[in-house]
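Working notes for the structure below.
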Amino acid sequence: METFVTILAGVLYTVGTYLILNKNLLRIILGITLFSHATHLMLMSINGLKKGAAPLLGEEVANYTDPIPQALLLTSIVISFALTAFLLVLGYRTYVELGTVNIKKLRGKSDE
């Protein structure tokens with residue numbers, strides 16, 4: 001299972017790299033979003049599939065699962081969602097103010 005998730009993360013990194021190298025601002029934002037999702041999958045596969053009981057006090061179970069990696073991954077998902085929302089708003093405002101999403105046109109003139 002971890003091997004499949006690692007390969008899927010690699011595919012997402014590849015597609016994200018292709019999108020980031022594009023001239024369209026929206027595709028760049030989607031590429032950054034795919035990078036964050038690929039990183040989440042990679043962290044999940046590195047952690048491995050854990051089997052055990054929930055770490056609750058008072059339970060008489062010998063094998064517990066560590067909740068720290070899952071908590072960190074959930075925090076990372078929330079942060080990447082906020083980053084994606086910010087980038088989409090920034091891209092929208094760029095389009096409204098300048099009328100284009102082409103990176104070459106957003107550079108301005110060479111003598112500036």
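- Summarising the geometry, atom CG belonging to Leu12 is positioned 8.5 Å from atom NE2 belonging to His37; distances are rounded to the nearest 0.5 Å.
- Transitive grouping of hydrophobic side chains (ILVMFWY, heavy atoms separated by less than 4.5 Å) keeps Ile103 and Leu34 in distinct clusters.
- Side-chain heavy atoms closer than 4.5 Å link hydrophobic residues (I, L, V, M, F, W, Y) into clusters, and following such links, even through other members, never connects Leu8 to Met42.
- Atoms CG and CG, from Leu25 and Leu106 in turn, are 6.5 Å apart once rounded to the nearest 0.5 Å.
- Residues Leu26 and Ile20 share a single hydrophobic cluster, defined by chaining ILVMFWY side chains whose heavy atoms lie under 4.5 Å apart.
- Both Tyr18 and Leu30 sit in one connected hydrophobic cluster of ILVMFWY residues. Membership requires side-chain heavy atoms under 4.5 Å apart, directly or through other members.
- One finds the CG atom of Leu83 at 9.5 Å from the CG atom of Leu88 (value rounded to the nearest 0.5 Å).
- Side-chain heavy-atom separations under 4.5 angstrom define the hydrophobic clusters, and Val89 shares its cluster with no other residue.
- Heavy-atom minimum distance, Tyr13 versus Phe35: O-CE1, 3.4 Å.
- With rounding to the nearest 0.5 angstrom, the CG atom of Leu90 is 7.0 Å from the CD1 atom of Ile29.
- For the pair Ala9 and Leu41, the tightest heavy-atom approach, listed with the atom from each and the gap, is CB-CB, 4.1 Å.
- Rounding to the nearest 0.5 angstrom, the gap separating the CG atom in Leu87 from the CD1 atom in Ile28 is 10.5 Å.
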Using a 3.5 Å cut-off and no angle test, enumerate the donor-acceptor pairs between side-chain atoms of residues 72-81 and protein atoms at least two apart in sequence or in another chain.
unit_1	atom_1	unit_2	atom_2	d
Thr75	OG1	Ala71	O	2.9
Ser76	OG	His40	NE2	2.8
Ser80	OG	Ser76	O	3.3
Ser80	OG	Ile77	O	2.9

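- Note on residues 88-103: pairs passing salt bridge (Lys or Arg N to Asp or Glu O under 4.0 Å), not counting sequence neighbours, are Arg93-Glu97.
- How far CG of Asn22 is from OG1 of Thr17: 12.5 Å, rounded to the nearest 0.5 Å.
- Side-chain heavy atoms closer than 4.5 Å link hydrophobic residues (I, L, V, M, F, W, Y) into clusters, and following such links, possibly through other members, connects Ile32 to Val101.
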